[in-house]
Each structure stands twice: as structure tokens, then as C-alpha cells.
Amino acid sequence: MIEARHLRVLRAVAATGSFSAAARELGCTQPAVSQQMKVLEASVGTTLLIRTSREMRLTQAGEVLVRHATGILSGLTAAEEEVAAIAGLRAGRVRLVSFPSGSSTLVPAALAALRAAHPGTRVSLVDAEPPRSVEMLRDGDCDVALAFRYDSVHDDSARDSTGAAAEEWGDLVVRPLLSDRLVGLLPEGHRLAGAETVSIADLADESWIAGCPRCRRQLVDACEKAGFTPRIDFATDDYPAVIGLVGAGLGVAFLPELAMESVLPKAARTVTVEPAVRREIVALTLPDLARVPAVAATLDQLERAAAR
């Protein structure tokens with residue numbers, strides 16, 4: 001019989017590439033990891049790992065078992081949390097991952113309300129941009145992922161850096177939160193800084209400061225639709241850094257309105273950009289986890305925070 005603890009060990013070994021690294025991650029000893037792997041191989045009746053002097057790799061059977069382990073362990077975690085909440089043993093725990101502008105705007109209000117309503121619920125927070133945050137959710141490394149996608153991903157021609165379809169959320173529970181419009185950010189002394197509305201095409205000759213990889217692709221896409229390819233001189237995931245670079249007169253940028261809520265622009269002005277570019281902000285979880293009370297409460301509070 002395959003035990004969950006053995007699957008957790010196998011998954012850690014596969015992820016880290018060695019018994020010693022897996023032991024560090026799991027907080028146990030290397031001999032304990034080795035022993036549990038022997039028990040697991042005996043249980044399934046075949047070799048799961050091939051060990052050489054230079055590397056450790058999974059056999060075909062090992063790859064199959066690791067692939068199934070994520071879903072099995074996620075389901076077990078969901079079952080444990082739901083049963084514990086029903087039994088009144090604990091209110092639960094939620095591992096939340098969010099992109100930075102969501103972490104500084106939506107998340108604080110949501111978690112404050114969650115703590116007030118359910119003081120026994122423990123929440124951890126990690127920053128990650130999509131698609132990494134979505135990968136973490138599918139891999140079982142978080143329970144709720146705050147993510148975003150741009151309008152263009154609904155176009156069948158929209159592709160990610162690997163050429164695959166950019167939108168792959170069909171297996172997840174999607175809770176829509178809000179539509180976040182991008183605004184233009186110009187240096188205070190820019191010729192268009194006082195305008196109410198600026199056409200993207202009016203910025204064709206400007207130096208650009210781009211954000212995260214997904215935002216960068218959206219910037220290029222929006223500019224190319226306006227008839228030009230942007231000259232990107234700087235790229236940074238840090239919104240205050242973007243604002244600082246614009247304020248210093250080093251270029252112009254597109255930033256989500258959500259990002260501007262938590263940052264005070266210095267020596268920079270925001271303008272409405274046409275045609276409008278929007279991103280959809282959503283909260284994602286797995287179907288099994290959506291039934292966990294603490295996870296469901298977190299989704300509800302995120303939705304309420306977005307509606308304010």
C-alpha cells in the first residue's frame with residue numbers, strides 16, 4: 001500500500017535531485033529519506049529511482065508516480081483541512097501567493113477582514129507573478145493564487161514564450177475580482193503630461209520602461225497594434241523603480257491602476273491611454289481546495305476587498 005508520507009518524500013527527492021537535499025527540505029535525516037524510498041519501492045514492486053555516482057533520476061514508473069502524487073497530496077490536504085474545520089479542531093490554514101501590486105492593495109484588506117471574522121485561520125503570503133503563481137498552485141505549493149491576464153489572452157493567437165496557448169485555467173476554480181486598466185506614466189515635464197487622454201501612437205518615439213515578462217509582452221502587443229515597436233531601454237518588476245525611472249526623465253511606461261494605488265509618484269504624471277488596455281484580476285484555486293472552509297473564506301474576502 002502506498003502511503004502519503006512516502007509520496008511526499010518521493011516528490012521532494014524528484015524536485016531536489018538528491019536524498020540529502022530532500023532531507024533538508026523535509027526536515028529529517030538523509031538515512032530516513034533513503035529508508036522511506038526503499039519502503040515505497042517495495043510497496044509498488046519496482047524501482048523508482050536510478051542512482052549513479054553523478055546523478056539521481058526517476059525511472060518511468062517513478063515519473064508516473066510523481067505525476068499522480070501532486071493530485072493525491074492536494075486532495076488529502078483538502079480533506080484534512082475540511083474535516084478538521086468541521087470537527088472544530090482548527091479553523092484552517094491558507095497559503096496565498098500574489099503578484100506585488102495585489103499584495104499591496106487587495107491582500108491587506110482581505111486578510112484583515114479574514115482575521116477579524118476567523119481569528120484561528122493562519123495565512124502565509126508569498127509574492128510571485130503569473131504564470132509562476134499558477135504553477136505553484138498546480139504543484140500544490142499554495143492554496144490560493146492571485147493572478148491576472150490581459151484582454152489579448154482571449155484571442156486564439158495569444159501565445160506565451162513557449163508558443164503554447166496563454167490561457168490555461170480550465171482545470172482551476174476562477175473567482176473574478178476586478179478589471180484593472182493600465183495608465184500611462186510620463187515625466188512631469190513631458191510634452192503630453194498635462195493631457196487628459198493620450199493615444200498610444202503619440203508615444204511611438206519614446207524610450208520605454210517595461211515591467212514583468214507578461215506585462216512586457218502586453219506592452220509590445222499594444223504598441224504594435226498602434227503601428228510601432230516600442231524601444232525598451234529599461235525593464236524591472238519593481239513598480240517604485242519604474243516610477244523612479246520615469247520621474248528622472250528616462251522614459252515612459254504603462255502601469256496598472258492597481259499598482260498606482262500603493263505608490264506615490266514623484267516627478268511623474270499619470271494619463272489615460274487610448275485605446276484602453278486592461279488586465280483581469282482573479283483569484284484561483286483547485287476544485288478540491290475550493291471546498292475547504294478557510295480557502296473559501298479567503299476567496300470571499302478577496303472578492304469583497306476588490307469591490308471596495
Side-chain angles (χ1 to χ4, degrees), residues 4 7-18 21-22 24-26 57-58 62-78 81 93-104 106-107 123-154 158-177 180 210-218 221 235-238 256 258 279-292 294-295 298-299 302:
L7 289 178
R8 290 190 177 94
V9 172
L10 174 64
R11 188 175 157 207
V13 171
T16 61
S18 72
R24 287 193 296 271
E25 181 175 300
L26 295 170
R57 60 184 177 85
L58 294 169
E63 291 175 349
V64 169
L65 197 53
V66 168
R67 188 170 69 247
H68 286 283
T70 296
I72 293 170
L73 294 173
S74 176
L76 283 173
T77 298
E81 292 290 344
R93 65 174 175 81
V94 179
R95 297 167 299 163
L96 174 64
V97 61
S98 171
F99 54 94
S101 58
S103 297
S104 63
L106 299 178
V107 170
V123 181
S124 62
L125 174 64
V126 174
D127 274 346
E129 300 272 1
R132 176 58 188 148
S133 56
V134 183
E135 292 171 0
M136 291 174 66
L137 178 63
R138 289 196 176 105
D139 288 343
D141 295 327
C142 70
D143 304 308
V144 176
L146 205 61
F148 63 84
R149 62 184 175 187
Y150 286 97
D151 290 340
S152 62
V153 302
H154 299 293
R159 301 283 164 176
D160 63 16
S161 59
T162 66
E167 172 47 31
E168 296 179 353
W169 292 350
D171 59 323
L172 303 175
V173 174
V174 181
R175 182 75 68 93
L177 299 180
D180 188 24
C212 71
R214 177 167 287 194
C215 300
R216 216 166 300 158
R217 289 196 298 271
Q218 179 60 31
D221 180 60
T236 173
D237 295 351
D238 185 80
L258 197 64
R279 62 177 187 172
E280 180 187 7
I281 310 297
V282 301
L284 305 171
T285 192
L286 297 170
D288 282 341
L289 290 170
R291 295 190 291 270
V292 176
V295 171
T298 301
L299 294 175
L302 285 168

Rounded distance [0.5 Å steps], [atom1] in [X] versus [atom2] in [Y]:
X	Y	atom1	atom2	answer
M136	S133	CE	OG	8.0 Å
C212	R217	SG	CZ	8.0 Å
L10	H68	CG	NE2	12.5 Å
F99	S104	CZ	OG	9.0 Å
T298	R175	OG1	CZ	10.0 Å
L106	L146	CG	CG	6.0 Å

Please name the pair of heavy atoms, one in [X] and one in [Y], separated by the smallest distance, quoted to 0.1 Å.
X	Y	answer
V97	D127	CG2-C, 4.3 Å
F148	R214	O-NH1, 2.9 Å
S74	L286	OG-CD1, 3.3 Å
A147	L284	CB-CD1, 4.0 Å
V107	S98	CG2-OG, 3.9 Å
T70	G140	CG2-N, 4.2 Å

Could you walk me through whether E129 and R132 pass salt bridge (Lys or Arg N to Asp or Glu O under 4.0 Å), step by step? CA-CA 6 Å; E129 300 272 1; R132 176 58 188 148; over 6 Å; no
Note to self: Does any part of the side chain of L26, heavy atoms only, come nearer than 4.5 Å to the side chain of V9, both counted from C-beta?
What the structure shows: yes
**Q.** Validation row: L137, R95 side chains within 4.5 angstrom (heavy atoms)
**A.** no
**OP:** Take D180 and R149 through the salt bridge (Lys or Arg N to Asp or Glu O under 4.0 Å) test and state the conclusion after the steps.
**Re:** CA-CA 10 Å; D180 188 24; R149 62 184 175 187; over 6 Å; no
Using the rule given for side chain to side chain contact (heavy atoms under 4.5 Å, CB included), can you reason through R24 versus T16, listing the C-alpha separation, both sets of side-chain angles and the distance that settles it, and then say yes or no? CA-CA 10 Å; R24 287 193 296 271; T16 61; over 6 Å; no
Discussion item. Any salt bridge linking D141 with R11? Criterion: basic side-chain nitrogen under 4.0 Å from a carboxylate oxygen.
Written reply: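 Counted as a salt bridge, because a side-chain N and a carboxylate O are separated by less than 4.0 Å.
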